[in-house]
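For reference, the structure is listed below as structure tokens.
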Amino acid sequence: MNVKLLIVEDEVVTRQTLSRLFQQEGYEVFDAADGRQMEHIMAQQEIDIIIMDVNLPGQSGLELAESLREQNNIGLIFLTGRDSEDDRLLALELGADDYLIKPYNPRELTIRVRNLARRIEQINTPQEFSVEGSRQYHFANWVLDCDSRCLYSPEGKVFRLPKSEFRALELFLTQPGKIHDRETLVRKMLDRELRPNDRTVDVAIRRIRRHFESHPDSPNLITTIHGEGYRFVGDVEVKIAS
């Protein structure tokens with residue numbers, strides 16, 4: 001797989017150091033100093049993985065992550081000096097695949113990028129869909145593959161789910177018909193407690209529903225039970241691919 005890697009970092013020396021590091025690893029590397037340059041490059045190149053700082057001029061990395069989340073098969077790793085637990089959790093909630101703190105270990109970073117590239121390649125390789133031993137949930141002509149964290153539409157379109165959305169959907173599919181409140185869902189998704197005015201669960205459910213809404217024949221699979229939570233409606237079959 002010829003991986004196209006985009007580094008979004010406003011500090012020139014760090015940007016150049018990262019570019020050299022990944023060029024030596026065999027990646028096709030592009031770099032940008034801010035969100036505007038990032039969008040210009042992405043309009044011309046099919047980027048596979050982005051390594052991005054949180055602190056950027058103009059839009060922050062966290063703000064940019066929200067728009068990137070709509071492009072499901074782009075891997076996103078934050079590499080930043082901000083070691084706030086809130087920032088890390090927010091980044092993961094927004095769909096980041098990883099969050100590393102500067103100063104970083106170059107070997108660890110290259111390993112994490114390599115592992116992410118393998119997952120993305122698995123998504124884009126049709127035969128990997130039926131990798132032996134992979135647990136899959138089949139429902140309403142959709143398939144959720146647990147090894148790759150991919151959701152497959154009835155036509156075979158692939159949506160790579162962030163860990164939080166995958167965990168929420170997996171919970172629904174393991175217990176169809178059961179009502180799950182927001183506290184249960186946020187613990188499953190992010191291993192933390194529900195906070196006051198926390199909309200994380202609602203945002204995740206809206207994004208999952210958006211995938212189903214992309215298919216005109218899909219029923220309303222996740223329903224809102226007002227005052228209680230959410231429930232998956234439909235039959236589910238669990239298969240082990242062979």
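One-based numbering along the sequence shown.
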Under 3.5 Å, sequence neighbours excluded: what are the donor-acceptor pairs made by side chains of residues 222-240?
from	atom 1	to	atom 2	distance (Å)
Thr223	OG1	Arg231	O	3.3
Thr224	OG1	Arg209	NH2	2.8
Tyr230	OH	Asp202	OD1	2.6

As a quick check of understanding, evaluate salt bridge (charged side-chain N to carboxylate O under 4.0 Å, His left out) for Asp53 and Lys102, giving each step before the final call. CA-CA 10 Å; Asp53 197 356; Lys102 300 175 183 175; 3.4 Å; yes

Would you please test Arg160 and Asp97 for salt bridge (charged side-chain N to carboxylate O under 4.0 Å, His left out) and show each step? CA-CA 11 Å; Arg160 186 175 64 87; Asp97 295 279; 2.6 Å; yes

Given the rule that I, L, V, M, F, W and Y join up when any side-chain heavy atoms are under 4.5 Å apart, are [X] and [Y] in one cluster?
{"X": "Leu92", "Y": "Val186", "result": "no"}
{"X": "Ile101", "Y": "Phe78", "result": "yes"}
{"X": "Ile205", "Y": "Tyr137", "result": "yes"}
{"X": "Ile179", "Y": "Leu169", "result": "no"}

Does the pair Val29 and Arg20 meet the rule for a side-chain contact (heavy atoms from CB on, under 4.5 Å), with working shown? CA-CA 9 Å; Val29 181; Arg20 286 194 299 269; over 6 Å; no

Any sub-3.5 Å donor-acceptor pair from [X]'s side-chain atoms to [Y]'s backbone N or O?
{"X": "Glu165", "Y": "Pro162", "value": "no"}
{"X": "Thr110", "Y": "Pro106", "value": "yes"}
{"X": "Glu11", "Y": "Thr14", "value": "yes"}

So how far is it from [X] [atom1] to [Y] [atom2], rounded to the nearest 0.5 Å?
{"X": "Phe166", "Y": "Cys146", "atom1": "CZ", "atom2": "SG", "value": "4.0 Å"}
{"X": "Ser164", "Y": "Leu185", "atom1": "OG", "atom2": "CG", "value": "11.0 Å"}
{"X": "Leu76", "Y": "Leu64", "atom1": "CG", "atom2": "CG", "value": "9.5 Å"}
{"X": "Leu221", "Y": "His211", "atom1": "CG", "atom2": "NE2", "value": "12.5 Å"}
{"X": "Leu90", "Y": "Thr200", "atom1": "CG", "atom2": "OG1", "value": "8.0 Å"}
{"X": "Thr80", "Y": "Asp87", "atom1": "OG1", "atom2": "CG", "value": "7.5 Å"}

Is [Y] close to [X] at the side-chain level, that is, under 4.5 Å between some pair of heavy atoms?
{"X": "Leu6", "Y": "Ile51", "answer": "no"}
{"X": "His215", "Y": "Trp142", "answer": "yes"}
{"X": "Met189", "Y": "Leu171", "answer": "no"}
{"X": "Leu161", "Y": "Leu144", "answer": "yes"}
{"X": "Arg82", "Y": "Asn55", "answer": "yes"}
{"X": "Leu109", "Y": "Leu18", "answer": "yes"}
{"X": "Ile77", "Y": "Tyr99", "answer": "no"}
{"X": "Leu116", "Y": "Asp98", "answer": "no"}

What do you reckon, is [atom1] of [X] surrounded by more than 12 foreign heavy atoms closer than 6.0 Å?
{"X": "Lys188", "atom1": "NZ", "value": "yes"}
{"X": "Glu108", "atom1": "CD", "value": "yes"}
{"X": "Arg36", "atom1": "CZ", "value": "no"}
{"X": "Lys157", "atom1": "NZ", "value": "no"}

Is Arg187 salt-bridged to Glu183, cutoff N-O under 4.0 Å? yes

Looking only at heavy atoms, which two atoms of [X] and [Y] are closest? And how far apart?
{"X": "Val201", "Y": "Arg182", "answer": "CG2-O, 3.6 Å"}
{"X": "His138", "Y": "Gln136", "answer": "NE2-OE1, 3.4 Å"}
{"X": "Val3", "Y": "Ala117", "answer": "CG2-CB, 3.9 Å"}
{"X": "Ala33", "Y": "Asp10", "answer": "O-CB, 3.4 Å"}
{"X": "Asp34", "Y": "Gln37", "answer": "OD1-N, 2.9 Å"}
{"X": "Arg15", "Y": "Ala32", "answer": "CD-O, 3.6 Å"}

Pair Asp48, Lys4 - check salt bridge (charged side-chain N to carboxylate O under 4.0 Å, His left out), show working. CA-CA 5 Å; Asp48 300 297; Lys4 292 187 177 183; over 6 Å; no

Under the criterion salt bridge (charged side-chain N to carboxylate O under 4.0 Å, His left out), I'd like the reasoning laid out for Arg149 against Glu170: C-alpha separation, chi angles, the key distance, then a yes or no. CA-CA 10 Å; Arg149 295 209 316 254; Glu170 185 183 36; over 6 Å; no

Could you go step by step and tell me if Gln16 and Glu9 meet the side-chain contact (heavy atoms from CB on, under 4.5 Å) rule? CA-CA 9 Å; Gln16 293 175 342; Glu9 165 66 61; over 6 Å; no

Between Val8 and Ile50, does the side-chain contact (heavy atoms from CB on, under 4.5 Å) criterion hold? Intermediate values first, please. CA-CA 7 Å; Val8 187; Ile50 295 175; 3.9 Å; yes

For the residue pair Phe212 and Phe139, categorise the inter-ring angle as parallel (less than 30°), tilted (30 to 60°) or perpendicular (more than 60°). perpendicular

Walk me through whether Ile49 and Ile74 qualify under side-chain contact (heavy atoms from CB on, under 4.5 Å). CA-CA 6 Å; Ile49 296 174; Ile74 294 180; over 6 Å; no

Tracing side-chain links under 4.5 Å among I, L, V, M, F, W and Y, which residues wind up in one group with Val203? none

Any pair with a residue in residues 6-31 that passes ring pair (Phe, Tyr, Trp, His ring centres under 6.0 Å), sequence neighbours left out, goes on the list, sorted by first then second residue, please. Phe22-Tyr27

